[in-house]
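Only one structure is covered here, and it is reproduced in the block below.
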There are 2 protein chains.
Amino acid sequence: MINDTLPVNIAQYQHHDKLLLAVDCIIFGFDGTGLKVLLVKRELEPMAGKWSLVGGFVKQNESVNDAAMRILSQLTGFKNIFMEQLHCYGNTDRDPGGRVVSIAYFALIRIEDHAEELLKEHNAKWVPLDKLPRLIFDHKQMLDLSKERLRQRVANHPIGFELLPEKFTLPQLQNLYEAIYEAQFDKRNFNRKILGLQILQKLEEKDKTGSRKGAFYYVFDSDNYKKLESEGISFI
Amino acid sequence: MINDTLPVNIAQYQHHDKLLLAVDCIIFGFDGTGLKVLLVKRELEPMAGKWSLVGGFVKQNESVNDAAMRILSQLTGFKNIFMEQLHCYGNTDRDPGGRVVSIAYFALIRIEDHAEELLKEHNAKWVPLDKLPRLIFDHKQMLDLSKERLRQRVANHPIGFELLPEKFTLPQLQNLYEAIYEAQFDKRNFNRKILGLQILQKLEEKDKTGSRKGAFYYVFDSDNYKKLESEGISFI
DNA sequence: ACAGTAATTGTAAGTTGTACAATTATATTT
DNA sequence: AAATATAATTGTACAACTTACAATTACTGT
């Protein structure tokens, strides 16, 4: 008899030799200097104990998108998170445990918002992109593709702000873009370009933590963005 | 007892109430003036007799990509076709016949190459994009997304040539781009830009069918493209 | 008052995009 | 043989954008 204390998805995994559908989430965060991704120590055989993206199985009565959102909110405790479908991974041998097709999603969250306890509960950890451990299955491929996609999106859509606090400074924003593109930008050109988009609102307040002079805070002006959206803007 | 003469995929469709995985293909062609898509009259309930994208179920021992390629070659008779995964459609109610998650692909083929007989066998037909019938399920959504993706791809990758004959003229190429973008371009600027990419090889021969003067044929120079690729070129 | 540090600002040169029309090569007609 | 008709081919000036580059400013701590 099967051990009833096993999580539901283990039971599914073992009992169906038909095709299973899973989701995996690449969850990006930004700590002010570098990009990080949320990884978990897998609890499920095969490959238990190895580092993995956050994932789970799609249930019979939920959409694939809902499944991804469920997995994400279980781990983070948040509901309104930027998330986008990345790619379907469907090779027959991608998971030695069975025929599992996985739909990968990538998500952007503010690390600061984040509940430490939930992470511990799930054996999850923020890992800098330049210090990645070996990942199971095709998860490294997923991560690589999501980095590329993030660059594409960030070039044409104002989603970088999802990774920053509500209020942020121009140097912070530049650090983020430099981390995403793994490149250095000129401060003068960067500021001119960003401010030229007219989607940032300057505040009176300054962030004094990084320098004597202090840097002005800005907020994303989504109203103005929507106005401009209909014309086809583009970033960076 | 179930009628054994039904095609295999019908039998599958009826006997599993678990999740099924399908692929749908958006197959684009170009007839010299307008873009067309290959549609079929569906033979399967529900919605039999309605217009549909070309699709089928993913088999237990084939990758999702292989399934898409299989569906595509069954209909066209060709193997080396440009094809790219588009998106996974996973709403629970997208197919009234059951829980079917579908991975959409888009493909580009040369209409001229095409075997008419195979099309008749499969009830398939080339339909101009501006004369689309109502499509089943979420197939219209798939088609809309694939048009957008085609525009993106064609702007950065030399895949437009997949839709043209081996030898083509600059006016033909321009017609193609104008069809894809639903826009008019200036001939001088278009020619300058395209030739500036240095990925076309000019032939001695002219196409005399379209004018007295005749237009020089060109071929895509994939060797030179590969050389330039490492630098990050971009079209249009 | 001074020193130190990071934020902020401007300008010139190069590159690319855009708008616009005359000339050329050929087949057909006169 | 010359004239005509048709679509292909070619150039140039201006505007917009990108890139490279360094001095000044605002503040805190000594």
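Values in this document were obtained by computation on a predicted structure and should not be read as measured data.
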Provide a list of protein-nucleic acid N or O atom pairs under 3.5 angstrom, restricted to nucleotides 3-5 of chain C.
none

List, with names and distances, any nitrogen or oxygen atoms from the protein found under 3.5 Å away from nitrogen or oxygen atoms belonging to nucleotides 10-12 of chain C.
{"residue": "C:dG10", "atom": "O6", "partner": "A:Arg192", "partner atom": "NH2", "Å": "3.2"}
{"residue": "C:dT11", "atom": "O4", "partner": "A:Arg192", "partner atom": "NH2", "Å": "3.1"}

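Here the P atom of nucleotide D:dA7 and the CG atom of B:Asn175 are 12 Å apart, to the nearest Å. If you take NZ of B:Lys208 and P of D:dA8, they are 13 Å apart, rounded to a whole angstrom. Rounded to whole Å, the distance from CZ on B:Phe190 to P on C:dT18 is 14 Å. The separation between A:Asn191 atom CG and D:dT18 atom P is 15 Å, rounded to whole Å. Between B:Tyr217 atom OH and D:dA8 atom P there is a gap of 12 Å when expressed in whole angstrom units.
Here B:Pro171 pairs with B:Thr169, B:Ala215 under the side-chain contact (heavy atoms from CB on, under 4.5 Å) rule; sequence neighbours left out. Partners of B:Lys226 according to the side-chain contact (heavy atoms from CB on, under 4.5 Å) rule, which considers only residues two or more places apart in sequence or in another chain, are B:Ser222, B:Glu229. Every residue two or more places apart in sequence or in another chain that forms a side-chain contact (heavy atoms from CB on, under 4.5 Å) with B:Ala67 is listed here: B:Val23, B:Val58, B:Glu62, B:Arg70. Every residue two or more places apart in sequence or in another chain that forms a side-chain hydrogen bond (donor to acceptor under 3.5 Å, both in side chains) with B:Thr33 is listed here: B:Asp31.
For A:Asp24 and A:Tyr89, the side-chain atoms include no donor-acceptor pair closer than 3.5 Å.
At the phosphate of C:dG17, OP1 or OP2 sits under 4.0 Å from a side-chain N or O atom of B:Lys193.
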